[in-house]
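Data first, discussion second: the structure below is written as structure tokens.
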Amino acid sequence: MSSRLIIALDFPSAEQALVFVKTLNPQECKLKVGFELFVAAGPDFVRVLVARGFDVFLDLKFHDIPNTVAGACKSAARLGVWMLNVHASGGPAMLQAAGQAITELDLAKPPLLIAVTVLTSMDQAQLQATGVPVQEPWQQVEHLAKLAKAQGLDGVVCSAQEALALKKSLGQDFILVTPGIRPAGSKADDQTRIMTPRAARQAGIDYVVVGRPITQAPDPLAVIAAINQDLR
Ligand code: C5P
């Protein structure tokens with residue numbers, strides 16, 4: 001079974017990211033490329049990671065009209081990424097167009113398509129300010145996760161605290177990807193609600209996203225080995 005660990009490559013340049021990536025084994029981890037690195041290093045850097053044998057999660061959270069998102073998903077899929085994501089709040093037509101765009105490419109190994117529901121930075125006040133009249137952000141998380149599943153997406157990004165309930169309401173096969181994971185004893189950084197890799201696995205989380213506890217560790221490979229051990 002390949003690793004359930006996704007390392008967040010939050011570096012400001014391709015050069016800095018590559019120094020770190022050169023130490024890694026693609027059997028031991030997957031890699032997440034988000035806005036910071038993608039805007040600095042572009043698709044060529046993603047191609048480099050794919051060519052080195054890494055499963056790449058392209059975390060660009062597409063959110064636009066269906067036709068534009070469909071085009072973006074096609075471009076991402078052609079890079080050979082393993083997973084990509086869109087905002088579920090883009091609506092059913094956008095989600096359907098995203099999935100169809102990937103299917104139309106007829107790739108031997110199409111990327112997994114997952115959705116972002118409610119950003120964890122959004123509390124009730126923030127949601128209500130955008131016109132979403134829920135008492136609890138969780139209600140909106142579950143609503144959007146169900147929408148994503150109904151439109152055929154493979155899973156969602158969710159917080160560790162949401163995982164148990166989402167597995168229950170959406171089923172074991174619906175993939176959950178979770179940041180905010182911290183090995184026991186490591187710094188929380190700016191993450192407020194954290195969970196250890198072991199607890200994440202017990203909660204049914206399929207893939208954990210870990211950044212700074214690995215990228216800023218004195219011995220990143222030791223941290224990777226320990227997390228993989230906990231996830232098994
Ligand atoms: O360094 P750290 O482990 O906190 O990195 C977590 C990664 O997951 C970052 O790339 C961050 O942008 C991402 N993320 C998050 N919380 C969310 C969504 C994404 O931490 N709700």
Quick check: closest heavy atoms across [X] and [Y], and the distance to 0.1 Å?
| X | Y | value |
| --- | --- | --- |
| Pro137 | Leu127 | CA-CD1, 3.7 Å |
| Pro12 | Ala40 | O-CB, 3.2 Å |
| Leu37 | Ala14 | CD1-N, 4.0 Å |
| Thr117 | Ala145 | CG2-N, 3.8 Å |
| Gln126 | Ser121 | CG-O, 4.1 Å |
| Cys73 | Ala98 | SG-CB, 3.7 Å |

So does [Y] get a backbone contact from the side chain of [X], meaning a donor-acceptor N/O pair under 3.5 Å?
| X | Y | value |
| --- | --- | --- |
| Thr178 | Cys158 | yes |
| Thr68 | Asp64 | no |
| Arg198 | Gln202 | no |

Tell me, do [X] and [Y] make a side-chain contact under 4.5 Å, heavy atoms counted?
| X | Y | value |
| --- | --- | --- |
| Met94 | His63 | yes |
| Met122 | Thr130 | yes |
| Leu5 | Ile224 | yes |
| Asp206 | Phe174 | no |
| Leu31 | Leu24 | yes |
| Ser2 | Lys30 | yes |
| Val157 | Pro179 | yes |
| Leu147 | Leu95 | yes |

Quiz item: How would you list all residue pairs meeting side chain to side chain donor-acceptor pair (under 3.5 Å) that involve residues 219-228, not counting sequence neighbours?
Solution: Ser3-Asn228, Glu28-Asn228
Quiz prompt | Pairs where residues 16-25 contributes a residue and the test side chain to side chain donor-acceptor pair (under 3.5 Å) is met, not counting sequence neighbours | solution = Ser13-Gln16
With rounding to the nearest 0.5 Å, note down the distance linking [atom1] in [X] to [atom2] in [Y].
| X | Y | atom1 | atom2 | result |
| --- | --- | --- | --- | --- |
| Ile175 | Leu113 | CD1 | CG | 10.0 Å |
| Phe57 | Leu49 | CZ | CG | 14.0 Å |
| Gln27 | Asp55 | CD | CG | 9.0 Å |
| Leu9 | Glu36 | CG | CD | 10.5 Å |
| Leu144 | Leu153 | CG | CG | 11.5 Å |
| Ile114 | Asp154 | CD1 | CG | 8.5 Å |

Should [X] and [Y] be regarded as members of a common hydrophobic cluster, given that ILVMFWY residues are connected when their side-chain heavy atoms come within less than 4.5 Å of each other, either directly or indirectly?
| X | Y | answer |
| --- | --- | --- |
| Leu105 | Val46 | no |
| Leu119 | Val132 | yes |
| Val208 | Leu164 | no |
| Val19 | Val21 | no |

Applying side-chain contact (heavy atoms from CB on, under 4.5 Å), can you list everything that pairs with [X], at least two apart in sequence or on another chain?
| X | value |
| --- | --- |
| Val48 | Leu18, Arg52 |
| Gln172 | Lys167 |
| Arg212 | Arg182, Asp189, Asp190, Gln191, Thr215, Gln216 |

Taking only residues two or more places apart in sequence or in another chain, which ones pass side-chain hydrogen bond (donor to acceptor under 3.5 Å, both in side chains) with [X]?
| X | result |
| --- | --- |
| Lys149 | none |
| Lys74 | Glu104 |
| Asp44 | Arg47 |

Quiz item: Quick one: ring-ring contact (aromatic ring centres under 6.0 Å, His included) pairs with a partner in residues 25-46, sequence neighbours left out?
Solution: none
Quiz item: Which residue pairs pass the ring-ring contact (aromatic ring centres under 6.0 Å, His included) test with at least one member in residues 109-151, sequence neighbours excluded?
Solution: none
Name each donor-acceptor pair under 3.5 Å that joins a side chain in residues 77-88 to protein atoms two or more places apart or in another chain, with its distance.
unit_1	atom_1	unit_2	atom_2	d
Asn85	OD1	Leu60	N	3.2
Asn85	OD1	Lys61	N	2.8
Asn85	ND2	Asp59	OD1	2.7

Quiz item: Step by step, would you call Asp230 with Thr196 a side-chain contact (heavy atoms from CB on, under 4.5 Å)?
Solution: CA-CA 9 Å; Asp230 277 355; Thr196 64; 5.8 Å; no
Exercise. Can you run down the salt bridge (charged side-chain N to carboxylate O under 4.0 Å, His left out) pairs that involve residues 119-146, sequence neighbours left out, and say none if there aren't any?
Key: Glu142-Lys146
Practice problem: Check step by step if side-chain contact (heavy atoms from CB on, under 4.5 Å) holds for Ile194 and Ile181. | Solution: CA-CA 6 Å; Ile194 58 175; Ile181 302 299; over 6 Å; no
Exercise. Decide side-chain contact (heavy atoms from CB on, under 4.5 Å) for Leu166 and Val156; before the verdict, give the C-alpha distance in whole Å, the side-chain angles of both, and the deciding distance to 0.1 Å.
Key: CA-CA 9 Å; Leu166 282 179; Val156 288; 4.1 Å; yes
